[in-house]
There are 2 protein chains.
Amino acid sequence: MSGATLPTPAFSPLYQQIKGLILQSLQQGEWRPGEAIPSEMDLAARFRVSQGTVRKAIDELAAENLVVRRQGKGTFVATHAEQHVQYRFLKLLPDSGDVREEGPAQRRVLDCRRGRATADVARALALRSGDPVIQARRILAFAGVPTILEDIWLPGHAFKGLTAEHMASYQGPTYAMFELEYGVRMVRAEEKLRAVLPDADQAALLEVTTATPLLSVERIAYTYNDVPMELRRGLYRTDTHHYRNELS
Amino acid sequence: MSGATLPTPAFSPLYQQIKGLILQSLQQGEWRPGEAIPSEMDLAARFRVSQGTVRKAIDELAAENLVVRRQGKGTFVATHAEQHVQYRFLKLLPDSGDVREEGPAQRRVLDCRRGRATADVARALALRSGDPVIQARRILAFAGVPTILEDIWLPGHAFKGLTAEHMASYQGPTYAMFELEYGVRMVRAEEKLRAVLPDADQAALLEVTTATPLLSVERIAYTYNDVPMELRRGLYRTDTHHYRNELS
DNA sequence: GAGTGGTCTAGACCACGCG
DNA sequence: GCGTGGTCTAGACCACTCA
């Protein structure tokens, strides 16, 4: 517009700005997870734009799984609880393909303690070495067979007071508890996969030998604005399960 | 439309029907990979609908990576060749994260022969046991280090005359060659990952011991209409590389 | 039947690429 | 300057949900 000589005029479409405003409201908790956000018409009036512009903004939020549209009912803040798909971020499936067969996972929390971030944990969580973190270790079993061993690191400042009892008692996805108890909503994640051999401890916990290859899954989960809020190192047994991925 | 008493009236929005028609043209090769498809206005005129309806149809095709939009230039049929991202389906990255550092993969084709589908290969490719297939084996090396060992199965009827020389001589992604030489466009894929130990042959080819855990990646690649056209079993070394995945 | 998201249209204008 | 895709609007109508 101004004819400035800047290399990037930073043109931003209206709907992107609206999307930003809605995102801000989501982030500030104006609407709780699972609740409906205002109708498209209401939002259009609030932001003084047409319904179509709001629609396009919400379309993108829905594509990013931040929000869920339900025709005839409204648009709802996405939640890890009571979502059709339990364990949204877990891609390990039984080889049979039928998740119902094996039923829900049995969880056993082995440990949950306060500590200080090591260099690599600090890097993953965008903290400084020595910052307080909470570390937990647990096992997930399917049909009685221990299948996943997970070590979890959380920034201490955001999860004050988290205890093993907390993690053990809550039914449903851990990420749902994070939403309810700490107001932390995991929005996306990145995983790095490797094939590894377990050490003696890990092997014992998963009831395999130290010669059994396991799938190592390092996950960093992010909340809004790409802020990392969890580091999770998982060891998956892949003798009866596999990690499934879709490419397009 | 007909007011039938079917349980599913099969209501289909106009833009979905338009999408189907465009898909059909893509499939029949009316526009070649890399070429531009007609402008939105042209397509709107051709199908007697508004530009907005065509736009929504193309939006979905673009979201599925079947087509690429370029503002000011047009909409182009997606191709595995000369795409910004080489190896669209390969998620293995060097731990450094910098793909340029290691340069392009060195490829060595070990084998390429005609054969008959075993039961499991037939199931994956929706063939019958004993149907003709082409089987190939090759190694990809990065910076001189053999890193990926792949066995590839292709339905014989669609890839007549494919030879080892073919596979070795072509520069660039194999999927690009499939497009150019056989008119087969891989559109999406599913992968199953496991941690395994190699047998003696595999270990020797990858220059590791039989005690080295490897990432097993079984991929089924599909062309249009979810028709499977390739089964690929890969063994990935994950000592210097990792499989990267994004979740949302 | 009222309210919500979903579709479809027509038209105006903007940003981009290229000759 | 023209043609392309990209944005924005306003309005009509459809499909779904629920009281």
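No hydrogens, no waters, no symmetry mates; every other heavy atom, side chains included, goes into these values. Convention: sequence-line order gives letters A, B, ...; per-chain numbering from 1.
Taking the charged nitrogens against the carboxylate oxygens, B/Arg219 and B/Glu191 do have a contact shorter than 4.0 Å, which makes a salt bridge. Salt bridge status for A/Arg107 with A/Glu150: absent, with no side-chain N to carboxylate O gap under 4.0 Å. Electrostatic pairing of B/Lys160 and B/Glu181 does not count as a salt bridge here, judged by no charged N lying under 4.0 Å from a carboxylate O. A salt bridge links B/Arg188 to B/Glu190: one of the charged nitrogens lies within less than 4.0 Å of a carboxylate oxygen. Ion pair A/Glu218/A/Lys192 not flagged as a salt bridge, since none of the NZ, NE, NH1 or NH2 atoms sits closer than 4.0 Å to an Asp/Glu carboxylate oxygen. Comment: B/Arg244 does not engage B/Asp95 in a salt bridge, judged by the lack of any side-chain N to carboxylate O separation of less than 4.0 angstrom.
Using bins of under 30°, 30° to 60° and over 60° for the plane-to-plane angle, the ring pair A/Tyr182/A/Phe159 lands in the tilted bin.
In this structure, the nucleotide among C/dA15, D/dA15, C/dC8 sitting nearest to the side chain of B/Phe11 is D/dA15.
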Between the protein and nucleotides 1-4 of chain D, list the N/O to N/O atom pairs that are separated by less than 3.5 angstrom.
{"residue": "D/dG3", "atom": "N2", "partner": "B/Gly72", "partner atom": "O", "Å": "2.8"}
{"residue": "D/dT4", "atom": "O2", "partner": "B/Gly72", "partner atom": "N", "Å": "3.2"}

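The separation between B/Tyr15 atom OH and D/dC14 atom P is 17 Å, rounded to whole Å. The nearest whole Å value for the distance from the CZ atom in A/Phe76 to the C1' atom in C/dG5 is 10 Å. Following rounding to the nearest Å, B/Ile18 (CD1) and C/dC8 (P) show an atom-to-atom distance of 9 Å. We find that CG of B/Leu14 is positioned 12 Å from P of D/dA15, with the value rounded to whole Å.
In this model, the phosphate group of C/dG6 is approached by a side-chain N or O of A/Arg69 to a distance below 4.0 Å at OP1 or OP2.
Of the residues in residues 43-64 of chain B, those with a non-hydrogen atom less than 4.0 angstrom from any atom of DNA chain C are B/Val49, B/Ser50, B/Thr53, B/Lys56.
Partner A/Val54 forms a side chain to side chain contact (heavy atoms under 4.5 Å, CB included) with one of A/Thr75, A/Asp42, A/Asp59, A/Val49 and no other, that one being A/Val49.
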